[in-house]
Amino acid sequence: MSVIEQYARAHVISDAPPEDDRPVRVVLRYDPERDPRCVRVGLPGAGAREWTVDRELLERGLTAPAGSGEVRVWPCGRVQAVLEFHTAQGVSVVQFETKALTRFLRRTYVAAAEPVPH
């Protein structure tokens with residue numbers, strides 16, 4: 001099985017001035033050899049970090065709030081979803097278009113030869 005990598009535009013939500021509210025390029029990665037149950041989300045910038053997110057949690061969070069602890073996901077309106085990452089240093093909040101995350105998840109299910117959830 002091969003690694004699935006997809007770039008998605010997202011907004012990092014912060015208390016920065018509005019002119020800094022430009023989309024950033026986030027890397028979504030799935031490596032079925034490394035961990036078939038999880039995907040990785042790579043955030044850019046000075047605080048660059050890669051987060052591990054359970055695929056099932058990500059999928060549930062596209063339709064209803066899901067998660068606790070370090071990673072939380074919830075829908076934001078009809079076309080967006082929010083991923084919230086917690087550390088001892090603070091919180092990173094990233095807003096995606098739902099269809100980008102859905103497209104990526106579908107690719108991971110195909111790569112893992114699993115039925116694609118509806």
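Just so it is clear, the structure is predicted and the values come from calculations on it, not from any experiment.
- Here the CD-CG distance, from Glu50 to Leu43, works out to 9.0 Å after rounding to the nearest 0.5 Å.
- Checked against salt bridge (charged side-chain N to carboxylate O under 4.0 Å, His left out), Glu56 has the following partners two or more places apart in sequence or in another chain: Arg60.
- A pairwise comparison of heavy atoms in Pro75 and Leu62 identifies CB-O, 3.5 Å as the closest pair.
- Both the sub-6.0 Å distance and the 45° axial angle are satisfied by Arg49 relative to the ring of Trp51.
- Side chains of Leu28 and Leu101 form a contact here, defined as non-hydrogen atoms less than 4.5 Å apart.
- One distance of note links OG1 of Thr52 with CZ of Arg37; it measures 11.0 Å at 0.5 Å rounding.
- Closest heavy-atom contact between Gln95 and Cys76: NE2-SG, 3.3 Å.
- With contacts defined as side-chain heavy-atom distances shorter than 4.5 Å, the pair Leu105/Arg55 qualifies.
- The hydrophobic cluster containing Val27 also includes Tyr7, under a criterion of side-chain heavy atoms closer than 4.5 Å among ILVMFWY residues, counted directly or through chains of members.
- In this structure, the side chains of Leu58 and Leu83 come closer than 4.5 Å at one or more pairs of heavy atoms.
- The 12-atom threshold is exceeded at CD of Gln80, counting heavy atoms of other residues, nucleotides or ligands nearer than 6.0 Å.
- Arg9 meets the side chain to side chain contact (heavy atoms under 4.5 Å, CB included) test with Pro23; sequence neighbours excluded.
- For the pair Ser2/Pro32, no side-chain contact is recorded, criterion being any heavy-atom separation below 4.5 Å from C-beta on.
- Contact record, Gly69 with His86: O-CD2, 3.7 Å, taken as the closest heavy-atom pair.
- For the pair Gln6 (side chain) and Ala100 (backbone), a donor-acceptor distance under 3.5 Å is present.
- When every heavy atom of Asp54 is checked against every heavy atom of Cys38, the shortest pair comes out as CA-SG, 4.0 Å.
- Side chains of Tyr30 and Pro36 form a contact here, defined as non-hydrogen atoms less than 4.5 Å apart.
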